Protein chains: 2
Amino acid sequence: MELNEQITEKLSTFFKIFGDYTRLRMLNLLSEKASCVGEIAENLGMEQSAISHQLKVLKNHDLVRTKQEGKQIYYMLSDDHIMKIFKTGLEHIEEEMDEK
Amino acid sequence: MELNEQITEKLSTFFKIFGDYTRLRMLNLLSEKASCVGEIAENLGMEQSAISHQLKVLKNHDLVRTKQEGKQIYYMLSDDHIMKIFKTGLEHIEEEMDEK
DNA sequence: CTTTCATATGAATATCTATTCATATTATAT
DNA sequence: ATATAATATGAATAGATATTCATATGAAAG
């Protein structure tokens with residue numbers, strides 16, 4: 001594959017997002033249903049602020065989008081491509097575990 | 001998807017590996033041909049030591065394997081699953097770029 | 001066995017990043 | 001207008017990690 005600097009840079013940034021335990025759990029949650037910050041925080045047993053910061057990261061990189069309803073802001077996956085990445089990674093992990 | 005703690009942990013660790021510019025460049029190089037430390041270092045314009053440290057990371061996580069020939073140690077991708085991950089990420093990046 | 005070349009390693013450092021704490025913003029309801 | 005609830009934000013901190021430097025290990029050749 002012929003990859004230029006810019007693409008490689010973007011690609012590593014992209015994978016970096018998935019390379020965090022908390023963010024993966026958040027994405028997994030959001031793949032099941034749109035949720036607002038407080039819900040996610042409670043569900044994961046983490047502080048609202050920590051989740052909010054991470055949601056910002058996810059949003060900045062267009063992995064999630066939002067829908068405001070009154071005071072609440074619902075977060076959801078921006079498209080189902082996200083889950084494809086997720087699954088491809090999973091396949092690898094599972095294959096690896098089978099081998100041992 | 002029903003993901004337990006252990007799987008999610010493994011998954012985030014796995015993605016973390018891809019989430020680094022230098023490692024991505026190394027993997028990309030290795031996808032074209034097996035190379036030894038010195039070659040990679042020269043090709044990327046980095047220190048031998050830095051590359052060696054990163055190769056260790058890649059090896060510890062079974063992304064690469066080695067074949068010794070005399071003094072030289074050739075590194076290569078451990079399987080072509082690695083490139084599949086690579087490509088899935090690329091697809092996402094490219095789609096994203098098209099949108100804008 | 002000593003020299004040379006390729007690679008690995010350990011410690012030190014500098015950068016990055018996830019989380020916390022305190023506080024600000026924003027939207028609704030009273 | 002003020003109180004309340006949901007969320008966002010900025011600064012501080014602690015922990016992780018990529019790179020460098022100096023040195024060690026290992027293999028082959030002389």
Side-chain angles (χ1 to χ4, degrees), chain A residues 5 8-30 33-78, chain B residues 5 8-30 33-78:
Chain A
E5 201 176 310
T8 311
E9 177 66 41
K10 283 202 178 204
L11 199 50
S12 66
T13 304
F14 177 72
F15 280 125
K16 205 170 285 177
I17 310 282
F18 285 89
D20 179 81
Y21 183 61
T22 299
R23 282 193 294 264
L24 275 194
R25 290 167 82 209
M26 292 169 66
L27 290 172
N28 190 45
L29 257 185
L30 294 179
K33 77 180 215 319
S35 321
C36 39
V37 188
E39 292 181 69
I40 304 177
E42 188 177 356
N43 213 309
L44 302 186
M46 293 183 62
E47 296 220 355
Q48 174 267 323
S49 176
I51 299 301
S52 184
H53 278 296
Q54 293 294 12
L55 281 171
K56 193 174 188 181
V57 173
L58 294 176
K59 182 141 194 218
N60 284 343
H61 291 87
D62 294 313
L63 296 181
V64 301
R65 60 193 177 83
T66 55
K67 187 183 180 190
Q68 180 141 8
E69 284 183 15
K71 269 183 288 201
Q72 325 233 34
I73 299 174
Y74 285 90
Y75 282 83
M76 59 204 84
L77 298 187
S78 53
Chain B
E5 202 175 310
T8 311
E9 176 66 42
K10 283 202 178 204
L11 202 49
S12 66
T13 304
F14 177 71
F15 281 124
K16 204 168 287 176
I17 310 282
F18 285 88
D20 179 82
Y21 182 62
T22 299
R23 281 192 295 265
L24 275 194
R25 290 167 84 206
M26 292 170 66
L27 290 172
N28 190 45
L29 257 187
L30 293 179
K33 77 180 217 318
S35 322
C36 39
V37 188
E39 291 180 69
I40 304 176
E42 189 177 356
N43 213 310
L44 302 186
M46 294 184 61
E47 295 221 356
Q48 173 267 323
S49 177
I51 299 302
S52 183
H53 278 297
Q54 293 294 13
L55 281 171
K56 193 175 187 181
V57 173
L58 294 176
K59 181 139 196 220
N60 283 344
H61 291 86
D62 293 314
L63 296 181
V64 301
R65 60 193 176 83
T66 54
K67 186 181 179 190
Q68 179 142 11
E69 284 182 17
K71 269 184 287 200
Q72 325 232 34
I73 299 174
Y74 284 90
Y75 283 82
M76 60 204 83
L77 299 187
S78 53

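None of the values given here were measured: they were computed from a predicted structure. Letters go in sequence order (proteins before strands), and every chain restarts at 1.
Between the P atom of C:dA8 and the OH atom of B:Tyr74 lies a distance of 13 Å, rounded to the nearest Å. Between the P atom of C:dA6 and the CG atom of B:Leu55 lies a distance of 16 Å, rounded to the nearest Å. Whole-Å rounding puts the A:Lys59 NZ to D:dA8 C1' distance at 12 Å. D:dA29 atom P lies 7 Å from atom NZ of B:Lys71, rounded to whole Å. Note: CD1 (A:Ile40) to P (D:dA8) measures 10 Å, nearest angstrom. Taking atom CD1 on B:Ile17 and atom C1' on D:dT17, their separation rounds to 12 Å, with Å as the unit. Residue B:Leu44 contributes atom CG, which lies 14 Å from atom C1' of D:dA18 at whole-angstrom precision. The distance between atom CZ of B:Phe18 and atom P of D:dA18, rounded to the nearest whole Å, is 14 Å.
For A:Tyr75, a side-chain nitrogen or oxygen approaches OP1 or OP2 of D:dA8 to under 4.0 Å. Between A:Gln54 and C:dT19 there is a side-chain N or O to OP1 or OP2 distance below 4.0 Å. Between A:Gln72 and D:dA5 there is no side-chain N or O to OP1 or OP2 distance below 4.0 Å. At the phosphate of D:dT9, OP1 or OP2 sits under 4.0 Å from a side-chain N or O atom of A:Lys56.
A donor-acceptor pair under 3.5 Å links the side-chain atoms of A:Glu39 to the main chain of A:Cys36, judged by distance alone. Remark: side-chain polar atoms of A:Gln54 are not paired, donor with acceptor, to backbone N or O of A:Ile51 under 3.5 angstrom.
Backbone-only contact: B:Lys16 has heavy atoms under 4.0 Å from sugar-phosphate atoms and none from a base. In this structure, A:Gln48 reaches the bases: a heavy-atom distance under 4.0 Å links it to at least one base atom across the strands shown.
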For residues 64-75 of chain A, tabulate all N or O donor-acceptor pairs below 3.5 Å that involve a side-chain atom, not counting sequence neighbours.
residue : atom : partner : partner atom : Å
A:Thr66 : OG1  : A:Lys59 : NZ           : 3.0
A:Gln68 : NE2  : A:Gly70 : O            : 3.0

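The nearest heavy atom of DNA chain C to B:Val37 and to A:Ile51 marks one nucleotide each, and the one closer to the 5' end goes with B:Val37.
Nearest nucleotide to the B:Glu47 side chain, out of D:dT20, D:dA27, D:dT7: D:dT20. Of all nucleotides listed (D:dA8, D:dA6, C:dA11), C:dA11 comes nearest to the side chain of B:His53.
Here the CZ atom belonging to A:Phe15 is positioned 15.5 Å from the OH atom belonging to B:Tyr21, to the nearest 0.5 angstrom. Of the inter-residue distances, the one linking B:Leu63 atom CG with B:Phe14 atom CZ reads 6.0 Å to the nearest 0.5 angstrom.
One can find a donor-acceptor pair under 3.5 Å joining the base of C:dT9 and the side-chain atoms of B:Ser49.
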